[in-house]
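What's counted below: heavy atoms across the whole structure, side chains too, no hydrogens, waters or symmetry copies.
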Amino acid sequence: MHWGNAMYHNAVVRMVTPALFVFLSLAAFSLGQQVGNYTSESHPRLTWQECTRSGCTTKSNAAITLDANWRWTHITGNYTNCYTGNTWNTTICTSGTQCASKCAVEGANYSSTYGITTSGNALTLKFVTRGENTNIGSRVYLMESDSKYQMFNPLNKEFTFDVDVSQLPCGLNGALYFVQMDADGGMGKYSGNKAGAKYGTGYCDSQCPRDIKYINGEANSEGWNPSPNDTNAGTGGYGTCCGEMDIWEANSISAAYTPHPCSTSNDGGQQRCTGQECNVPDRYGGLCDPDGCDFNSYRMGDRTYYGKGLTVDTSKKMTVVTQFITDNNSTTGTLVEIRRLYVQDGKVIPNSKVNFPGLFDPVDSITEKFCNDGKKAFNDATSFQKHGGLAHMGRSLAKGHVLVLSIWDDHTANMLWLDSSYPTDADANKPGIARGTCATDSGKPPDVEANSPNAQVIYSNIKFGEIGSTYSGTPISLPQAPLPPGYTPPAGGGPTTTTTTSTQTGPSTTVPGTPGATQTKFGQCGGVGYSGPTQCTPGTVCTVINQFYSQCV
């Protein structure tokens with residue numbers, strides 16, 4: 001998976017043996033590129049809606065499929081494993097192409113084996129599922145048909161879903177995100193791939209993961225190294241890279257949304273990597289931006305916004321809205337801003353603001369300036385800018401992305417990059433280090449798996465469409481958050497006394513500046529309920545796009 005602002009990548013791949021074959025091994029299995037015939041593949045239905053301001057249409061035939069990395073694989077027509085635990089069967093897999101030609105991937109028993117269930121528009125992913133063996137975590141994709149993933153271009157659109165993270169403690173991540181996978185899972189491009197999207201093949205993300213066992217229709221067996229701390233995972237000689245837009249990485253403590261551009265072929269399209277292309281050994285010297293430009297409210301200095309009993313109350317279900325604003329109000333325009341807002345208990349809650357006065361501006365959305373200022377303020381690497389920033393991310397999204405939904409724990413960094421202070425040896429009072437309230441010794445997978453086996457995430461009510469069409473509610477204002485503990489504004493800096501009011505299209509202040517100030521190019525300057533700047537910077541005009549949104553262009 002993508003792991004947002006994770007400093008390292010570790011995909012959680014815990015396979016289990018189907019009951020019919022448990023006598024073979026109690027270890028976990030992996031995927032192949034042929035198709036087996038021992039377990040029928042039946043995709044669980046998951047409805048979603050496509051919306052305009054006139055109403056929403058339900059996609060009643062939509063479904064999900066399980067990622068191929070979780071599936072059992074064996075010699076075609078034979079029960080012999082191709083992969084057991086965290087090692088390949090080298091007798092069968094003498095090369096990547098040989099392995100692909102001899103190994104078959106099986107269908108999945110979604111509920112009993114993997115703890116994956118659907119009901120109408122709701123998807124439940126359980127963390128630990130105990131059957132003949134124990135399964136840990138899962139990753140699924142939204143399907144358009146039985147053999148193709150659903151593709152999304154969110155430019156000048158909004159993506160909305162409900163989520164319940166109340167049962168996700170420290171160390172866990174319920175992630176919903178877009179990646180630039182091929183619609184058919186790579187089946188058309190690579191002759192060795194006979195399984196395709198139906199069986200969840202073709203995964204890629206901005207971490208260029210090397211734990212994917214088949215890439216481009218070939219096994220990743222050559223140069224494979226078993227993981228020293230995960231008995232079911234390892235890394236091969238290849239990785240698989242592509243552009244990634246993290247809509248949601250969260251537990252009940254912290255949440256982040258993060259664009260990750262990639263300098264691969266086809267403006268972020270899937271590309272197999274090797275060596276330094278995969279960001280190894282130099283984390284920032286590869287094809288993709290591994291850190292991204294993240295907006296985590298806690299990391300941005302508002303410690304009262306997200307969590308159990310807070311403004312966005314993670315003890316109960318919430319609606320998450322993400323809007324992708326372009327410079328010309330079209331799906332082919334340049335991406336200039338990504339907004340976030342929430343709806344809970346009938347109230348539309350604007351995103352929190354950056355709360356480090358005197359360090360960088362009190363903004364509430366992701367723009368190029370936010371990313372530039374944030375990287376400088378937190379002394380982070382500028383990989384995001386190196387790979388083209390929001391403009392490149394937008395070109396990637398315009399090509400079409402696949403929707404991924406998952407639950408996982410982190411064998412590399414214990415999820416501390418999301419919900420604790422990270423790096424752990426840095427001063428937690430330094431801006432950008434504290435990301436949540438979890439202890440720095442929390443999140444270890446053995447502890448999380450033993451202590452929180454009943455953890456789960458529920459995604460539901462997915463909607464996609466015109467800006468302002470997927471949600472409703474009464475806008476509320478946010479009070480000024482107290483300064484983060486230990487933070488002293490530089491001379492001349494101090495907390496502001498303004499509030500933010502939500503509107504039908506998102507936060508009222510969408511770019512740096514004080515209320516009543518001149519709005520910058522591409523910023524919002526009007527619309528129903530809008531209360532921010534209405535005067536545009538010289539050279540631009542406040543142009544009415546629709547009743548909800550006017551823009552300086």
Side-chain angles (χ1 to χ4, degrees), residues 43-65 118-123 140-163 175-185 197-198 243-248 257 259 317-326 328-333 335 337-343 348 393-406 458-473 503-506 527-528 545-549:
H43 296 144
R45 295 292 183 189
L46 181 68
T47 62
W48 63 282
Q49 293 185 307
E50 191 164 16
C51 302
T52 68
R53 291 194 184 89
S54 299
C56 298
T57 302
T58 299
K59 306 291 186 178
S60 58
N61 292 323
I64 57 163
T65 190
T118 61
S119 177
N121 66 21
L123 167 68
V140 301
Y141 309 112
L142 187 64
M143 303 291 287
E144 176 187 22
S145 67
D146 199 45
S147 59
K148 285 192 174 181
Y149 300 128
Q150 178 67 50
M151 305 302 290
F152 291 90
N153 171 9
L155 297 187
N156 197 45
K157 304 283 187 179
E158 65 187 22
F159 184 91
T160 298
F161 65 101
D162 292 352
V163 65
L176 180 151
Y177 57 108
F178 289 135
V179 289
Q180 197 178 335
M181 295 166 61
D182 292 326
D184 65 355
K198 180 175 182 178
E244 172 184 354
M245 177 63 224
D246 296 332
I247 302 290
W248 181 253
Y257 72 109
K317 184 170 69 174
M318 68 192 77
T319 298
V320 183
V321 183
T322 309
Q323 300 172 330
F324 296 82
I325 308 304
T326 59
N328 64 358
N329 192 42
S330 81
T331 57
T332 58
L335 180 64
E337 182 181 12
I338 308 174
R339 299 180 188 158
R340 166 58 46 83
L341 60 96
Y342 297 88
V343 183
V348 181
M393 186 76 253
R395 294 199 301 273
S396 170
L397 290 168
K399 300 285 185 181
H401 275 224
V402 174
L403 178 64
V404 189
L405 307 100
S406 69
I458 303 174
Y459 304 105
S460 61
N461 201 27
I462 294 171
K463 294 182 179 181
F464 176 71
E466 294 180 356
I467 291 175
S469 69
T470 67
Y471 69 98
S472 62
T503 73
Q504 281 290 323
T505 56
V528 174
I545 306 301
N546 53 53
Q547 62 176 320
F548 299 97
Y549 186 70

Kindly compute the distance separating [atom1] ([X]) from [atom2] ([Y]), expressed to the nearest 0.5 Å.
X    : Y    : atom1 : atom2 : answer
L397 : M245 : CG    : CE    : 7.5 Å
L176 : L405 : CG    : CG    : 4.5 Å
R53  : I467 : CZ    : CD1   : 7.5 Å
F178 : M151 : CZ    : CE    : 10.0 Å
L123 : S460 : CG    : OG    : 9.5 Å
K463 : Q49  : NZ    : CD    : 5.0 Å

**Request:** Show your reasoning for whether side-chain contact (heavy atoms from CB on, under 4.5 Å) applies to V163 and V320.
**Result:** CA-CA 8 Å; V163 65; V320 183; 4.0 Å; yes
Minimum heavy-atom distance between [X] and [Y], given as atom pair plus value:
X    : Y    : result
S469 : C51  : OG-CB, 3.5 Å
A62  : L142 : CB-CD1, 4.4 Å
S147 : A197 : O-CB, 3.4 Å

**Message:** L403 and side chain to side chain contact (heavy atoms under 4.5 Å, CB included): which single residue from F159, W48, Y177 fits?
**Reply:** F159
**Listed partners of Y141 passing ring-ring contact (aromatic ring centres under 6.0 Å, His included), at least two apart** = Y149
Backbone N or O of [Y] within a donor-acceptor pair of the [X] side chain at under 3.5 Å?
X    : Y    : value
Y257 : I338 : yes
T65  : K198 : yes
S119 : A122 : no

Just checking, is any N or O donor in the side chain of [X] or [Y] under 3.5 Å from an acceptor N or O on the other one?
X    : Y    : value
T118 : R45  : no
E466 : T52  : no
N153 : H401 : no
T319 : D162 : yes

**Message:** Please enumerate all residues that pass side chain to side chain donor-acceptor pair (under 3.5 Å) together with T160, with sequence neighbours excluded.
**Reply:** T470
**Message:** Less than 4.5 Å apart, side chain to side chain, heavy atoms only: is that true for L155 and L335?
**Reply:** yes
**Prompt:** Just wondering, do V348 and Y471 contact through their side chains at under 4.5 Å, heavy atoms?
**Reply:** yes
**Message:** Which residue in the set N328, T331, N329, T332 passes side-chain hydrogen bond (donor to acceptor under 3.5 Å, both in side chains) when paired with N156?
**Reply:** N329
**Request:** For Q323 and E158, run side chain to side chain donor-acceptor pair (under 3.5 Å): C-alpha distance rounded to whole Å, both residues' side-chain angles, the deciding distance at 0.1 Å, then the answer.
**Result:** CA-CA 4 Å; Q323 300 172 330; E158 65 187 22; 2.9 Å; yes
**Message:** Could you go through I64 and M143, starting from their C-alpha distance and side-chain angles, then the distance that decides it, and tell me whether this counts as side-chain contact (heavy atoms from CB on, under 4.5 Å)?
**Reply:** CA-CA 5 Å; I64 57 163; M143 303 291 287; 5.5 Å; no
**Request:** Just do the side-chain contact (heavy atoms from CB on, under 4.5 Å) check on K399 and Q180 with the steps written out, would you?
**Result:** CA-CA 8 Å; K399 300 285 185 181; Q180 197 178 335; 3.4 Å; yes
**Asked** Which residues pass the salt bridge (Lys or Arg N to Asp or Glu O under 4.0 Å) test with K59, sequence neighbours left out?
**Response** E50
**Prompt:** Which word best sums up how the rings of F152 and F464 line up, parallel for under 30°, tilted for 30 to 60°, or perpendicular for over 60°?
**Reply:** perpendicular
**Asked** Step by step, would you call T322 with R340 a side chain to side chain donor-acceptor pair (under 3.5 Å)?
**Response** CA-CA 5 Å; T322 309; R340 166 58 46 83; 2.7 Å; yes
